[in-house]
Amino acid sequence: MGYHQKRVGAIHDISGVGKCSLTVVLPILSAAGIECSVLPTAVLSTHTGGFEGFTFRDLTEDMMPIAEHWKKEGIGFDSFYSGYLGSLAQIDMVIDIMEMFRTPDTFIMVDPVMADHGELYSLFTMDHVKGMAKLCGHADIIIPNRTEAAFMLGRDYKGGPMSEDDVKVLVNDLAGLGAKQVVLTGVHFGDEDFGAACFDTTTGDIDYVIEKRIEGMYHGTGDVFGAFLLGALLQEKSLEESTKIAVDFTCASIRLTAADGTGPRMGVRFESVLGDYANLFNK
Ligand code: PXL
């Protein structure tokens with residue numbers, strides 16, 4: 001048998017500047033040895049957090065024709081990874097596209113990108129929240145942050161430290177949206193720590209990966225985290241190990257950026273850790 005090159009269909013926007021969505025998902029998945037095919041949802045001059053007057057080209061009309069062309073060409077996908085969607089209509093479209101290509105082995109990761117720090121991103125409404133909760137029901141794994149989790153479950157967002165019981169309730173309720181695995185980001189138990197919790201409904205296990213907090217909130221870290229996580233999972237690492245890898249490499253990228261002093265809106269210096277990340281899979 002020849003080599004099976006795994007292929008992901010990455011459904012995110014292209015923000016030209018600011019290192020998030022496809023400009024980080026592509027290089028990180030490639031470094032993991034995973035082919036990353038892209039279904040762009042929108043093209044922006046920059047991301048929408050911290051820049052004024054960004055351009056926004058909605059690609060809703062192009063998405064189904066692109067997917068239909070792939071289907072006609074007989075192209076298959078080992079995985080889909082959706083993130084920032086450019087319109088409400090894209091949510092049902094992404095569900096249709098995933099179902100169009102789904103086989104028993106397709107691994108679907110949905111990051112319900114729409115909010116952070118208790119607030120929705122500038123272009124989204126409560127309809128988007130409802131739609132994202134529905135999209136999560138079509139995934140094998142979902143990776144919300146705490147704000148997205150609260151919105152999708154119709155709860156008030158509570159920032160600050162959590163207890164293990166808080167996490168247990170939250171990941172169980174998130175699994176109720178329909179995915180077998182949940183990775184919740186933004187988990188911390190005190191003021192000095194920060195990380196993620198992963199929950200596998202097939203074993204009932206919840207694992208915590210918590211590191212020392214780095215001051216400041218850097219843009220694009222959710223996408224960097226998601227890409228590091230998916231690369232590891234598709235390289236057959238366990239959920240716990242992949243979550244650890246994703247937290248470690250995301251934190252390392254943030255630490256470099258904090259030391260650079262480039263500020264939060266230009267994204268994080270993941271480029272400098274890509275070599276070490278790639279080496280995890282070259283052994
Ligand atoms: O990193 C999430 C993200 C992706 N794409 C766009 C964004 C954001 C977050 O603000 O604005 C366009």
Side-chain angles (χ1 to χ4, degrees), residues 8-29 36 38-60 62-63 80-91 93-94 109-126 128-129 131-132 135-136 139 142-152 157 183-186 194 196 214 216-231 246-247 249-251 253-254 257 262-271:
V8 173
I11 311 175
H12 303 250
D13 70 282
I14 300 174
S15 288
V17 163
K19 290 200 278 189
C20 65
S21 42
L22 286 178
T23 65
V24 307
V25 172
L26 258 164
I28 292 173
L29 288 178
C36 180
V38 299
L39 185 48
T41 60
V43 178
L44 297 82
S45 51
T46 64
H47 59 68
T48 66
F51 293 96
E52 296 288 322
F54 51 82
T55 70
F56 187 103
R57 172 79 54 196
D58 177 358
L59 296 180
T60 305
D62 297 86
M63 288 174 66
F80 283 95
Y81 171 21
S82 73
Y84 187 100
L85 302 185
S87 70
L88 191 57
Q90 285 183 13
I91 294 177
M93 216 172 261
V94 168
M109 183 158 100
V110 169
D111 185 353
V113 175
M114 61 186 156
D116 209 354
H117 315 305
E119 286 181 31
L120 286 176
Y121 293 147
S122 61
L123 304 178
F124 297 139
T125 63
M126 286 312 286
H128 207 90
V129 173
M132 278 299 195
L135 177 57
C136 284
I142 60 172
I143 58 167
N145 62 38
R146 284 168 64 189
T147 305
E148 290 153 351
F151 271 113
M152 290 195 293
Y157 167 75
V183 178
L184 178 67
T185 59
F194 206 74
I214 308 149
M217 294 293 172
Y218 290 87
H219 211 91
T221 50
D223 298 334
V224 169
F225 175 86
F228 281 135
L229 179 75
L230 184 60
V247 170
F249 280 85
T250 303
C251 286
S253 309
I254 299 172
T257 313
T262 45
R265 72 176 190 172
M266 292 301 281
V268 295
R269 179 144 65 95
F270 69 94
E271 295 89 341

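Side chains included, hydrogens not; waters and symmetry mates left out as well; all remaining heavy atoms used. Just follow the structure's listing: the first ligand is 1, and inside any ligand the first atom is 1.
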With heavy atoms of [X] as the reference, note each atom of ligand 1 found under 4.0 Å away.
X: Val113; value: 2 (C)
X: His219; value: 8 (C), 9 (C), 10 (O)
X: Cys20; value: 1 (O), 4 (C), 5 (N)

Any idea which heavy atoms bring [X] and [Y] closest together, and the distance?
X: Gly83; Y: Met132; value: O-CE, 3.8 Å
X: Cys36; Y: Leu29; value: SG-CD1, 4.0 Å
X: Gln90; Y: Thr60; value: NE2-OG1, 3.0 Å
X: Met109; Y: Leu230; value: CE-CB, 3.7 Å

Counting only heavy atoms, which portion of [X] has something under 4.0 Å from ligand 1: side chain, backbone, both, or neither?
X: His12; value: neither
X: Leu44; value: side chain
X: Thr48; value: both

(request) Could you tell me whether Glu119 atom CD has more than 12 heavy atoms of other residues or ligands within 6.0 Å of it? (result)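 No, the 6.0 Å shell around CD holds no more than 12 heavy atoms from other groups.
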
(request) Starting from the C-alpha separation in whole Å, work towards a yes-or-no answer on ring-ring contact (aromatic ring centres under 6.0 Å, His included) for His117 and Tyr157. (result) CA-CA 9 Å; His117 315 305; Tyr157 167 75; 8.3 Å; no

Does any N or O atom in [X] lie less than 3.5 angstrom from one in ligand 1, N or O only?
X: Tyr84; answer: no
X: Tyr121; answer: no
X: Asp223; answer: yes

(request) Report yes or no: does Ser15 have a heavy atom closer than 4.0 Å to ligand 1? (result)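 It does, in that a heavy atom of Ser15 comes within the 4.0 Å cut-off of ligand 1.
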
(message) For the CG atom of Leu22 and the CD1 atom of Ile14, what is their distance to the nearest 0.5 Å?
(response)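 If I round to the nearest 0.5 Å, the distance is 5.5 Å.
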
(request) Write out the residue and atom name of the closest protein heavy atom to atom 5 (N) of ligand 1, then the distance separating them to 0.1 Å. (result)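 For atom 5 (N) of ligand 1, the nearest protein heavy atom is Asp13 OD1, 2.7 Å.
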
(request) Find out whether Phe249 and Ile28 are in side-chain contact, i.e. whether some heavy atom of one side chain is under 4.5 Å from a heavy atom of the other. (result)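 Sidechains of Ile28 and Phe249: no contact.
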
